[in-house]
Amino acid sequence: MPELPEVEVTRQSFASRIVGARVLGLRLGKPLRWPLGCEPGSLVGGVVGEVVRRGKYLWLPLHTAGQAGVATGGLLMHLGMSGALSFGALGAPGAHDHFDLETSAGTLRLKDPRRFGAVVWSSGLGVDPAAKLLSRLGLEPFDSAFDGAYLHQKLRRRRQAIKLVLLGGDVVVGAGNIYACEALFDAGIDPRLRSERISRRRADLLSVAVRETLARALALGGSTLRDFHDAHGMAGAFQDEAGVYGREGQACRKCSTPIRRIVQAQRSSFFCPQCQQR
DNA sequence: CTGGGCTCCTGTCAGC
DNA sequence: TGCTGACAGGAGCCCA
């Protein structure tokens with residue numbers, strides 16, 4: 001489900017309601033991708049800070065008062081392929097609810113049927129497994145440093161197909177399978193094009209397309225393909241105006257050529273063979 | 001360092 | 001109706 005727009009929409013739907021809440025308890029279901037990395041009981045009494053997003057991760061700071069003053073750490077959360085968060089006065093957990101953070105303002109619950117998602121404790125000191133996950137991430141697409149010059153520079157020494165570099169997240173974060181396909185469509189670039197062959201001019205177009213695709217999806221509340229919703233339970237609407245994603249065989253909205261589907265790194269890529277050139 | 005392939009897990013849907 | 005295979009919004013890890 002969750003690419004940058006869905007994660008950001010999720011964050012915005014509960015961040016202001018949970019900030020300042022006190023942790024009352026944790027409930028763990030089946031194992032997620034990685035172990036929590038701390039004693040669940042050690043988080044009780046912590047106060048939730050401002051939730052921030054980095055790439056497709058959410059960082060939930062927890063301030064715990066101890067003998068040595070206020071210690072700051074937090075939980076790094078990732079929704080994986082099928083995760084969704086809910087927040088509020090929630091009922092009994094269902095079969096796929098694998099993490100509950102019970103707070104004085106309500107319960108933050110991760111539902112994740114496939115369990116590719118994760119919740120990992122981090123001391124926030126930059127030396128633990130959670131910090132390592134963040135350290136490999138590329139620029140945020142809305143960072144002013146993410147422009148055509150930066151992108152061109154990064155792509156110059158990459159032989160990999162451009163679609164795979166976008167998915168990799170080490171150049172720019174946030175675009176997953178849907179938005180990587182859509183951004184390449186908007187920029188008129190074939191997803192199979194070797195990154196090193198992208199001109200400066202096309203890098204300009206692509207950097208703009210990535211940013212604008214994600215911004216438009218964000219404004220529409222993300223994409224709901226089967227069951228994505230934010231922490232209020234609201235669905236997204238971007239899927240209704242996708243140019244290529246999920247449209248194999250249908251007419252291109254620009255030129256009417258049938259949209260093609262190919263497989264790259266075991267994942268579907270959708271593109272218009274007419275509008276998107278190598 | 002780069003790139004390719006595999007892997008984790010469960011649910012849904014198309015086709016026979 | 002039931003079985004089987006393909007496919008699904010991610011991304012770390014291992015190996016060449």
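Residue numbers start from 1 in every chain, and the chains themselves are labelled A, B, ... in the order their sequence lines are given, proteins ahead of strands.
Distance from the side chain of A:E3 is smallest to C:dG10 among C:dA8, C:dC13, C:dG10. Of the candidate nucleotides C:dG12, C:dA11, C:dA8, C:dA11 has the atom nearest to the side chain of A:K56.
Residue A:S82 places none of its side-chain N or O atoms closer than 4.0 Å to OP1 or OP2 of C:dG10. For the pair A:H78 and C:dA11, the criterion of a side-chain N or O lying under 4.0 Å from OP1 or OP2 is met.
Taken from CD in A:E248 to CD1 in A:I262, the straight-line distance is 11.0 Å, to the nearest 0.5 Å. A distance of 4.0 Å separates OH of A:Y57 from CG of A:L133, quoted to the nearest 0.5 Å. Rounding to the nearest 0.5 Å places CG of A:N177 at 7.0 Å from CD of A:E3. Rounding to the nearest 0.5 Å gives a distance of 4.0 Å between CD1 of A:I178 and OG of A:S223.
In this structure, A:R115 reaches the sugar-phosphate backbone alone: every heavy-atom distance under 4.0 Å involves primed, P, OP1 or OP2 atoms, never a base. Counting non-hydrogen atoms under 4.0 angstrom, A:R194 reaches nothing in the nucleic acid. Within the 4.0 angstrom heavy-atom criterion, base atoms lie near A:R267. Within the nucleic acid shown, A:Y57 comes within 4.0 Å of sugar-phosphate atoms alone, with no base atom in reach, counting heavy atoms only.
Shown here for A:G55 and A:R53, the closest heavy-atom pair between the two residues is O-NH1, 3.0 Å. Residues A:R211 and A:F146 share a closest heavy-atom pair of NH2-O, 2.7 Å.
When each of A:L139, A:D143, A:L155 is tested with A:Y150 by the rule side chain to side chain contact (heavy atoms under 4.5 Å, CB included), just one qualifies, namely A:L139.
C:dG12 atom C1' lies 14 Å from atom CE of A:M81, rounded to whole Å. What separates NZ of A:K132 from P of C:dA11 is a distance of 16 Å, to the nearest Å. A:L134 has its CG atom 15 Å from the C1' atom of C:dG10, to the nearest Å. Rounded to whole angstrom, the span from the CZ atom of A:F270 across to the C1' atom of C:dC7 amounts to 10 Å. Remark: P of C:dG10 and CE of A:M77 are 18 Å apart, rounded to the nearest angstrom. The nearest whole Å value for the distance from the CG atom in A:L79 to the P atom in C:dG10 is 11 Å.
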For residues 20-47 of chain A, tabulate all N or O donor-acceptor pairs below 3.5 Å that involve a side-chain atom, not counting sequence neighbours.
from: A:R27; atom 1: NE; to: A:D100; atom 2: OD2; distance (Å): 3.1
from: A:R27; atom 1: NH2; to: A:D97; atom 2: O; distance (Å): 2.8
from: A:S42; atom 1: OG; to: A:E39; atom 2: O; distance (Å): 2.5

Got a list of side-chain donor-acceptor pairs under 3.5 Å for residues 270-278 of chain A, not counting sequence neighbours?
from: A:Q276; atom 1: OE1; to: A:C272; atom 2: N; distance (Å): 2.8
from: A:Q276; atom 1: NE2; to: A:L184; atom 2: O; distance (Å): 3.3
from: A:Q276; atom 1: NE2; to: A:I189; atom 2: O; distance (Å): 2.8
from: A:Q277; atom 1: NE2; to: A:P273; atom 2: O; distance (Å): 3.3
from: A:Q277; atom 1: NE2; to: A:Q274; atom 2: O; distance (Å): 2.8

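Ion pairing between a basic and an acidic side chain is recognised when a charged N comes within 4.0 Å of a carboxylate O; A:R216 and A:E182 show no such pairing.
Along DNA chain B, the stretch of nucleotides lying under 4.0 Å from any heavy atom of chain A spans, 5' to 3', B:dG3 to B:dT12.
Screening residues 194-209 of chain A for salt bridge (charged side-chain N to carboxylate O under 4.0 Å, His left out) gives A:R194-A:E196, A:R200-A:D204 as the qualifying pairs, with residues at least two apart or on separate chains.
Residue whose closest nucleotide on DNA chain B sits further toward the 5' end, between A:Q266 and A:D170: A:D170.
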Original post:
Where does DNA chain B pair, written as one dot-bracket string 5' to 3', with Watson-Crick or G-U pairs under 3.5 Å, ( ) inside the strand, [ ] for crossing pairs and | for another strand?
Top reply: .|||||||.|||||||
Subject >> Verdict with reasoning, A:M81 to A:D112, per side chain to side chain contact (heavy atoms under 4.5 Å, CB included) >> reply: CA-CA 8 Å; A:M81 198 80 127; A:D112 186 5; over 6 Å; no
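A:F116 qualifies as a stacking partner of the C:dG10 base, centre to centre under 5.5 Å and near-parallel within 30°.
Under 3.5 Å, the side chain of A:R114 and the base of C:dA8 form at least one donor-acceptor pair of N or O atoms.
Under 3.5 Å, the side chains of A:D147 and A:S207 contain no donor-acceptor pair of N or O atoms.
Within residues 149-168 of chain A, the residues that have a heavy atom under 4.0 Å from DNA chain B are, in order of number, A:R158, A:R159, A:Q160.
Taking atom C1' in both C:dG9 and B:dG3, one finds a spacing of 24 Å when rounded to whole Å.
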